[in-house]
Amino acid sequence: MKILDDMNPQQKEAVQYTKGPLLILAGAGSGKTRVLTHRIAYLIENDVKPYHIMAITFTNKAAQEMRDRVDQIVGFGSESIWVSTFHSSCVRILRRFIDRIGFANSFTIYDTDDQKTLMKQVIKKLQLDPKIYKERALMSAISSAKNEMISPEQFEKDAGLDWNKEKISQIYYEYQSQLKKNNALDFDDLLVKTVELFKKCPDVLEYYQDKFQYLMVDEYQDTNTVQFQFINLLAAKSRNLCVVGDDDQSIYKFRGANIRNILEFEKSFPDAKVIKLEQNYRSTSNILNAANGVISNNKGRKEKKLWTENEKGAKITFRKFQNSFEEAEYVAGEISGKVGSGACKYGDIAILYRTNAQSRLFEEKLLIANIPYKIVGSVNFYARREVKDLLSYLKTVDNAQDDLAVQRIINVPKRGIGATTISRIQAHATETGMDFYGALLEAQYIPGLSRSLSKVESFTRFIQKLKTQAEYYSVKELLEHIIDETGYVRNLEAQNTDEARARIDNINELISKVVTYEEDNENPTLSGFLQEVALVADIDSVDSDSDFCLLMTLHSAKGLEFPYVFMTGMEDGIFPSYLTITEDDPDELEEERRLCYVGITRAKKELVMTAASQRMIRGETQYNKVSRFVHEIPRELVELGREQDLDRDAFVNPRKRYPNSFSFKPRQFTVTKAEHLNYGVGDTVRHSKFGVGEVTNITDGGKDYEVTVDFDRAGIKKMFASFAKLKKI
DNA sequence: TACTGGATTATTTTT
DNA sequence: TAATCCAGTA
């Protein structure tokens, strides 16, 4: 049978063990995704109906990949398998049944931004001092409570006489009641409400238990208590539960992940079969040994030893720099060198860092070096201001109960409806118990609005008109109509700044996402689009075919692999983070170490680690030592620039530099060449970094056009057309 | 009501 | 550093 071809004995066993609880302890790069996909294929070949199969992955991207791969093996039938993230599975269930626990099925989903806004309103409403009650802290307290399935009632009981906790429980109550009033759920609620639904409505639970007779959970080490309950409830009847995970890769404790879920799986399921996948197919043995060296410093792991038949490969490169600018220049230089020499393409390379803020410098240097790159994470596309504004219009049209959306756009663009007016309307809404939009509709009965009344009325007229149009317009038409009527893009155009242009680009991107959605779905609806959009992560849209260097946090890199990996900012105080070191909590440090392990094991061929002895952190210069994790790599596996780089507390001579760091010679690029350029010699063009300049020369380099531009500010630059994205002006 | 500039403050990681 | 907040002004 071809499903079992090219599999090692453990993998085969995992694929064929389909009945009863199964724990697959899969080390990094041991082919667990392959096992999962082949397991699904195996089930289908053995007459399990695809709609009886559910697989939960960490990202939508992983889900899509899994589906594609199953399709390839089985040939067909993958569409009716549920492959999705915890959150999207829950949304799907709740859309159908949440009315059974008192919500409307058209509920909206609040992202972190919305939660924050709502929390601010709660604090205000309860007349608490925002200096003492920080929304961030409150949100995380409530989120942890939800992850542990603690209701406001329970929270209050647990608080006992603790005055502070008692206060938080009040906030928690109010926060939940506001959500309910807005017919909204936050991310955590998606899980909590689903479990609640299952518990309150046994018939619903039974329906899904019968439906999902074969369950698979990927990245099991990162599940939290609610997720654990969700899975347990679903699997309780069939007991065909297969979980795959690696305790060494558990990196989401801050999000409530409970590592005990995997460590104690055999306690919850005493009859569980355990299969270990310990052969690594991904990395060279040097990389793997470096990873093993680091992770062996952790206590409380499941016993396992990863090994590989792969060749030794290059040593781990470690370079230390005077400051973070040089670090970024070095990385850019190395990338130019590697790609220039034909060793690899841009898409083979990833730059990883601990915090999103670190991406900025790399972005700058890569841009100057003319290296195509993509930043994953930082600000989620759908969280950008212009995108959220437009989505809020759509949400208002779709579900006017969502007060936050209405309030967001009521004065965007400026309509002369100010804070005073809004709070008058809000007061009226609270008094009468109606939602904000409802209050807007009867603005004429609200005293004290005077001059703004007409403005409010013209706003509601506009929205009401949109609502009518929504019935026969496509989502794209509706969106374009909104953009046009509000003059959103025209306003941005008038600003004529780089930032405004970037925003317009994002809006166009949003329109094309709408188009894609409408093309891909048989029954595209406004609600459907909004729902799809609410749960996408930035990583989901990363296309593996495109030739870009990827920049992302170590967390985002989980589940991915790259031939060449740069782990940057390897400094105590950055990674492991300052907080971890100062709090002196061994558990926290172990989590950081696992993160380091995840980073190292992303690399297939070469791993480069860099550090800077001086770094600007929020306007302050910090001096950091080389990360302890670097020291934990067996010394013989590391290739150093200078011997003293690894000496602890070594003094760094600022004059000494690396001669090979800066090699931006013109090179062949492996990018798609534009058919023709929409500018020519003599035209004035704009570059996102260098500003405005005049094109002085264009040569056809075969794979791409090489354009020479004389910039007003930056001087003469030679660049490749497909990446420089010059715009004629 | 809108806008400006100065002060303040926050920082891990994300579905 | 960068985002956000707040007071004062037009």
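Chain identifiers are assigned alphabetically (A, B, ...) following the order of the sequence lines, protein sequences preceding nucleic acid strands; residue numbering begins at 1 within each chain.
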Legend entry - Residue-phosphate contact under 4.0 Å: A:N356 side-chain N/O, B:dT13 OP1/OP2: yes
Legend entry - Proximal nucleotide (of B:dT13, B:dT12, B:dT15) relative to the A:T112 side chain: B:dT15
Inset, instruction - Kindly say whether the aromatic ring centers of A:Y373 and A:F548 come within a distance under 6.0 Å. - result: no
Legend entry - Spacing of A:Q622 atom CD relative to B:dT12 atom P, expressed in whole Å: 12 Å
Legend entry - Atom pair distance, as rounded to whole Å: CZ in A:R255 and P in B:dT15: 6 Å
Inset, instruction - Measure from NZ or CZ of A:K513 to the centre of the six-membered ring of A:F381 and say whether it is under 6.0 Å with the direction within 45° of the ring axis. - result: yes
Legend entry - Atom-pair distance (CG on A:N147; P on B:dT15), nearest Å: 14 Å
Legend entry - Along DNA chain C, first and last positions that approach a heavy atom of chain A under 4.0 Å: C:dT1 to C:dC5
Inset, instruction - Can you check each nucleotide of nucleotides 1-8 of chain B against protein heavy atoms at under 4.0 Å and return B for base, S for sugar-phosphate only, - for none, in 5' to 3' order? - result: SSS-----
Inset, instruction - Using a 4.0 Å heavy-atom cut-off across all strands, classify A:K116 as base, sugar-phosphate, or nothing. - result: nothing
Legend entry - For atom CD1 of A:I251 and atom P of B:dT14, their distance in whole Å: 9 Å
Inset, instruction - In whole angstrom, give me the gap between the P atoms of C:dT4 and B:dT13. - result: 15 Å
Legend entry - Residue list, side chain to side chain contact (heavy atoms under 4.5 Å, CB included) with A:A603, at least two apart or on another chain: A:I287, A:V565, A:L607
Inset, instruction - Provide the distance between the two C1' atoms, one in B:dT12 and one in C:dC5, to the nearest whole Å. - result: 24 Å
Inset, instruction - Scan A:S556 against the nucleic acid and name what it touches under 4.0 Å (heavy atoms): base, sugar-phosphate only, or nothing. - result: sugar-phosphate
Legend entry - Minimum-distance nucleotide (side-chain atoms of A:E592 versus B:dT15, B:dT12, B:dT14): B:dT12
Legend entry - Short side-chain N/O contact to B:dT15 OP1/OP2 from A:T59, under 4.0 Å: no
Legend entry - Residue list, salt bridge (charged side-chain N to carboxylate O under 4.0 Å, His left out) with A:D246, at least two apart or on another chain: A:K304
Inset, instruction - Using atom CG of A:L554 as one end and atom C1' of B:dT13 as the other, report the distance to the nearest whole Å. - result: 9 Å
Legend entry - Rounded distance (Å) that lies between atom C1' of B:dT14 and atom CD of A:E219: 14 Å
Inset, instruction - Could you point out which residue of A:D248, A:N298, A:T580 forms a side chain to side chain donor-acceptor pair (under 3.5 Å) with A:R593? - result: A:N298
Legend entry - salt bridge (charged side-chain N to carboxylate O under 4.0 Å, His left out) contacts touching residues 571-580 of chain A (sequence neighbours left out): A:E571-A:R615, A:D572-A:R628
Legend entry - ring pair (Phe, Tyr, Trp, His ring centres under 6.0 Å) involving A:H555 - partner list, sequence neighbours excluded: A:Y252, A:F254
Legend entry - A:K134 vs B:dA10: side-chain N/O to OP1/OP2 distance below 4.0 Å: yes
Legend entry - Atom-to-atom span, CG of A:N224 to P of B:dT14 - whole angstrom: 16 Å
Legend entry - Atom-pair distance (CZ on A:R354; C1' on B:dT12), nearest Å: 5 Å
Inset, instruction - Give A:Y252 one of three labels, base, sugar-phosphate or nothing, depending on what nucleic acid heavy atoms sit under 4.0 Å from its own. - result: sugar-phosphate
